[in-house]
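FYI, side chains are in, hydrogens and waters are out, and symmetry mates aren't considered; it's all heavy atoms of this structure.
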Amino acid sequence: MSLWVIDKEAVAPFVTNMMGDYRVVGPVAKGVKYAFDQIEDPADLLLDYDTSILPPKKYLQPQSERMMTFTRIGQPAAEMVLDAPPTVILGIHTCDLHGIRVLDKAFSEGYPDAYYLERRKRTLLVGIECLNPCDEHSFCKSMGTLAVSSGYDLHLTDLGETYAVNAGSEEGATLLEKYGQARQAEEADMVQLNKVLGAKWPRFPFKLEFDVGELSTLMAQSYDNPIWDRLAETCLACGQCTLVCPTCFCFNVYDEVELNLQDGERWRRWDSCQLDEFARVAGNENFREHQAARLRHRLMRKGRYLMEKYDELGCTGCGRCARSCLVDVSPEDVFNELHGCRV
């Protein structure tokens, strides 16, 4: 909607000012890695991080959340519980902005999820342009997630001594005007911005050996490929890949009942399709009993199923699953091998 410029020295006061009215979240150091956490001191905010352990989706879909309390004492009643403070998430990479777009569709269609949607309504997203690959596992350029044109309230691009700030919503523009010290971009700023954006693209290699537009068709043709059985022999079925994925949104719902058997709470927590019990139903039947079927299901969701349902690929190329996999299963490698089988 508009382009602004903010000095890097003005970022800390900007964050401090917002902290009076918002829970401000951003990337901070966790040992040698980075994680999205609530900012208590603006000096802890590290916008030049490479990648985070978990995606920022955890502030929209918490790892574990209490959904309601209930009682059977007197007049039976259930009361919805929702913890959704006004929040600003800073420093979201473009791949994670794409991931949030997938979640927005998943939790809005069919039976809208009131918990997610209320948090989403109360959350402002501040992205940051990726100017260098996170590491060797990233393949965002191949997946078309290296740039965004929407889905954020503010978006930063590092120009050296300043940040160019694109306001993507009225709420974002208001946030910058109310809490920040920014000026309207001038022609020299536009020239520098175009130079920075033009220089970044050669730094990111294409990792897929085919155009990503072919991926959905490729996956449909690969359902019975023997690669799934081979990968299942090494896969540990630990579920780590789904826990770090920015587009996985499956959860389990369970009740915790007090000893009086009259009062209790309903909770939900992240779940993983890679775990044996995920597809287990009444009668002890399991419709994805073998790990090959579970592994295939996950990659089919990343490459085909979500595209069919939401017109969005379920893989953003962030590389988190490959980075955290104990046996080096990488979606990039799997997609390329499947393509090699076809040609």
Side-chain angles (χ1 to χ4, degrees), residues 18-26 35-40 53-89 99-125 153 171 175 237-240 242-289 294 297 301 306 309-310:
M18 289 190 293
M19 287 167 59
D21 296 321
Y22 293 92
R23 174 180 62 172
V24 180
V25 169
F36 280 86
D37 204 351
Q38 184 167 348
I39 302 298
E40 303 293 345
I53 302 168
L54 293 179
K57 75 171 187 181
K58 65 182 182 178
Y59 288 96
L60 299 171
Q61 183 197 5
Q63 293 133 300
S64 179
E65 64 175 314
R66 186 173 63 158
M67 303 178 70
M68 67 173 69
T69 59
F70 56 85
T71 183
R72 296 178 60 196
I73 298 176
Q75 183 68 30
E79 182 178 353
M80 178 180 180
V81 177
L82 176 60
D83 179 23
T87 300
V88 176
I89 305 180
I100 291 173
R101 187 171 68 187
V102 173
L103 299 183
D104 287 349
K105 292 185 177 182
F107 285 113
S108 299
E109 297 186 3
Y111 295 94
D113 189 293
Y115 296 86
Y116 178 91
L117 294 177
E118 188 62 26
R119 286 194 185 90
R120 186 68 178 86
K121 184 173 70 174
R122 299 185 189 184
T123 301
L124 297 176
L125 306 180
D153 296 286
E171 294 80 3
L175 191 77
C238 65
Q240 181 70 13
T242 58
L243 294 180
V244 300
C245 178
T247 66
C248 280
F249 49 80
C250 290
F251 56 83
N252 185 29
V253 178
Y254 61 98
D255 292 338
E256 291 188 349
V257 181
E258 298 292 340
L259 291 177
N260 63 9
L261 304 182
Q262 303 298 310
D263 303 305
E265 299 175 338
R266 176 159 293 178
W267 289 75
R268 69 176 174 184
R269 63 187 174 196
W270 291 358
D271 204 350
S272 172
C273 62
Q274 298 306 287
L275 304 181
D276 173 73
E277 62 269 21
F278 183 86
R280 192 178 300 278
V281 295
N284 204 34
E285 295 295 332
N286 192 328
F287 51 88
R288 280 194 292 274
E289 180 179 4
R294 296 196 290 272
H297 175 75
R301 281 179 63 85
L306 295 187
K309 188 170 181 60
Y310 304 123

Atom pair OG (Ser272) and CD (Gln240), whose distance is rounded to the nearest 0.5 Å: 9.5 Å

Other residues, nucleotides and ligands only: do more than 12 of their heavy atoms fall within 6.0 Å of NZ on Lys309? no

Run the numbers on Ile73 and Asn260 for side chain to side chain contact (heavy atoms under 4.5 Å, CB included), then give the verdict. CA-CA 10 Å; Ile73 298 176; Asn260 63 9; 4.1 Å; yes

Using side chain to side chain contact (heavy atoms under 4.5 Å, CB included), reason through Leu60 and Phe107 one step at a time and then give a plain yes or no. CA-CA 11 Å; Leu60 299 171; Phe107 285 113; over 6 Å; no

Hey, could you give me the CZ/CZ distance between Arg294 and Arg288, rounded to the nearest 0.5 Å? 9.0 Å

Minimum-distance pair of heavy atoms, taken over all atoms of Met80 and Ala114: CE-CB, 4.1 Å

Is the shortest side-chain heavy-atom distance between Thr242 and Cys273 below 4.5 Å? yes

Exactly one of Asp113, Asp104, Thr87 should register a side-chain hydrogen bond (donor to acceptor under 3.5 Å, both in side chains) with Arg120. Which one does? Asp104

Enter the distance from Arg268:CZ to Asn252:CG here, rounded to the nearest 0.5 Å. 11.0 Å

Has Arg269 got its NZ or CZ under 6.0 Å from the middle of the six-membered ring of Tyr254, at an angle within 45 degrees of the ring axis? yes

Could you pull out the closest heavy-atom pair between Cys245 and Pro55, with the gap in Å? O-CG, 3.8 Å

Step through the shown structure and confirm whether more than 12 heavy atoms of other residues, nucleotides or ligands are within 6.0 Å of CZ on Arg280. yes

Go through the steps for Ile89 and Phe36 under the test side chain to side chain contact (heavy atoms under 4.5 Å, CB included), then give the verdict. CA-CA 8 Å; Ile89 305 180; Phe36 280 86; 4.0 Å; yes

Report the C-alpha separation of Asp37 and Tyr59 in whole Å, then their side-chain angles, then the decisive distance to 0.1 Å, and conclude whether the side chain to side chain contact (heavy atoms under 4.5 Å, CB included) test is met. CA-CA 9 Å; Asp37 204 351; Tyr59 288 96; 3.9 Å; yes

So which atom in Tyr115 and which in Met67 form the shortest heavy-atom distance, rounded to 0.1 Å? OH-O, 2.6 Å

How long is the span from the CG atom in Asp153 to the OG1 atom in Thr123, to the nearest 0.5 Å? 9.5 Å

Should the heavy atoms of other residues, nucleotides or ligands under 6.0 Å from CD of Glu79 be counted, would the total exceed 12? no

All heavy atoms of Leu117 vs all of Pro112, minimum pair found to be CD1-CB, 3.8 Å

Spatial distance of atom OG1 (Thr247) from atom NZ (Lys57) [nearest 0.5 Å]: 7.0 Å

Give me the ring orientation class for Phe249 and Tyr310: parallel if the planes are under 30° apart, tilted from 30 to 60°, perpendicular past 60°. perpendicular

Which heavy atom of Leu54 sits nearest a heavy atom of Leu243, and at what distance? CD2-O, 3.4 Å

So, Asn286 side chain and Asp276 main chain: donor-acceptor pair closer than 3.5 Å or not? yes

Heavy-atom pair with the smallest gap, counting every atom of Pro62 and Trp270: O-NE1, 3.1 Å

Supply the atom-to-atom distance Arg119 CZ to Glu65 CD, rounded to the nearest 0.5 angstrom. 4.0 Å

